[in-house]
Amino acid sequence: MEINFYEQVFEIARLVPKGRVTSYGAIAKALGAQGSARLVGYAMSNSHAVHPKVPAHRVVNSSGLLTGKFHFSPPERMQQLLEKEGITVENDKVKDFKKIFWNPLDEL
DNA sequence: GGATTGACGTGTC
DNA sequence: AGACACGCCAATC
């Protein structure tokens with residue numbers, strides 16, 4: 001297959017609308033790899049190397065916690081980007097996560 | 001090709 | 001509420 005698992009993850013991540021967030025598990029589920037949320041996170045580690053920009057900052061864990069913020073150039077970048085999109089981040093976790101949560105399955 | 005590694009998730013203690 | 005354990009699965013070493 002020409003399309004790697006990574007690209008599929010990136011594709012979903014790029015579909016996340018501004019001001020919304022999603023979870024690794026949700027993306028994994030959308031790819032049919034439900035339960036393998038680790039693969040999504042693992043793939044996101046490559047998000048810095050893909051051509052179209054991937055809003056990795058809009059992807060958090062099921063708790064809305066910014067687990068991967070330390071992977072950004074400056075870890076604070078992730079929260080800044082989220083706040084810039086109207087998302088309130090407190091204590092490294094998204095506020096009203098359930099409200100701004102964007103379900104890929106809903107788009108697909 | 002076996003072993004290790006994760007930006008995770010859910011369940012228990 | 002916080003900490004710990006196990007499971008899943010592809011990519012990398």
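Just so it is clear: chains get the letters A, B, ... in the order the sequence lines come, proteins before strands, and each one is counted from 1. The figures here come from the full heavy-atom set of this structure, side chains too, leaving out hydrogens, waters and symmetry mates.
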For A:Y6 and A:A37, find the nucleotide of DNA chain C closest to each by heavy atoms; which residue's nucleotide sits nearer the 5' end? A:A37
Going by an N to O cut-off under 4.0 Å, is there a salt bridge joining A:E85 and A:R58? yes
Identify, residue by residue, the members of residues 68-96 of chain A with a heavy atom below 4.0 Å from DNA chain B, and return them in order of residue number, or none. A:G68, A:H71, A:F72
Distance check needed: [N] [atom2] versus [X] [atom1], whole Å only.
{"X": "A:Y42", "N": "C:dC9", "atom1": "OH", "atom2": "P", "value": "17 Å"}
{"X": "A:M44", "N": "B:dT5", "atom1": "CE", "atom2": "C1'", "value": "18 Å"}
{"X": "A:L31", "N": "C:dA10", "atom1": "CG", "atom2": "P", "value": "12 Å"}
{"X": "A:N4", "N": "C:dA11", "atom1": "CG", "atom2": "C1'", "value": "10 Å"}
{"X": "A:F97", "N": "B:dG9", "atom1": "CZ", "atom2": "P", "value": "8 Å"}
{"X": "A:K29", "N": "C:dC9", "atom1": "NZ", "atom2": "P", "value": "15 Å"}
{"X": "A:L65", "N": "C:dA1", "atom1": "CG", "atom2": "C1'", "value": "15 Å"}
{"X": "A:I27", "N": "B:dG6", "atom1": "CD1", "atom2": "P", "value": "20 Å"}

Determine whether a donor-acceptor pair (N or O, by modelled atom type, separation under 3.5 Å) exists between the side chain of [X] and the backbone of [Y].
{"X": "A:S23", "Y": "A:A26", "value": "yes"}
{"X": "A:N103", "Y": "A:L105", "value": "yes"}
{"X": "A:N91", "Y": "A:K93", "value": "no"}

Between the base of B:dA7 and the side chain of A:Y24, is there a donor and acceptor pair under 3.5 angstrom? yes
Heavy-atom donor-acceptor pair, A:S47 side-chain to B:dA7 base, under 3.5 Å: yes
Mind checking if [X] touches a base, just sugar-phosphate, or nothing, with heavy atoms under 4.0 Å?
{"X": "A:S45", "answer": "base"}
{"X": "A:A56", "answer": "base"}
{"X": "A:S63", "answer": "nothing"}

Could you tell me if the side chain of A:V21 sits less than 4.5 Å from the side chain of A:V59, heavy atoms only? no
Using the salt bridge (Lys or Arg N to Asp or Glu O under 4.0 Å) criterion, which residues pair with A:K69? Sequence neighbours excluded. A:D92
Checking A:V54, A:V50, A:V9 against A:R14 for side chain to side chain contact (heavy atoms under 4.5 Å, CB included), the one that qualifies is A:V54
OP1 or OP2 of B:dG9 sitting under 4.0 Å from any side-chain N/O of A:S62? yes
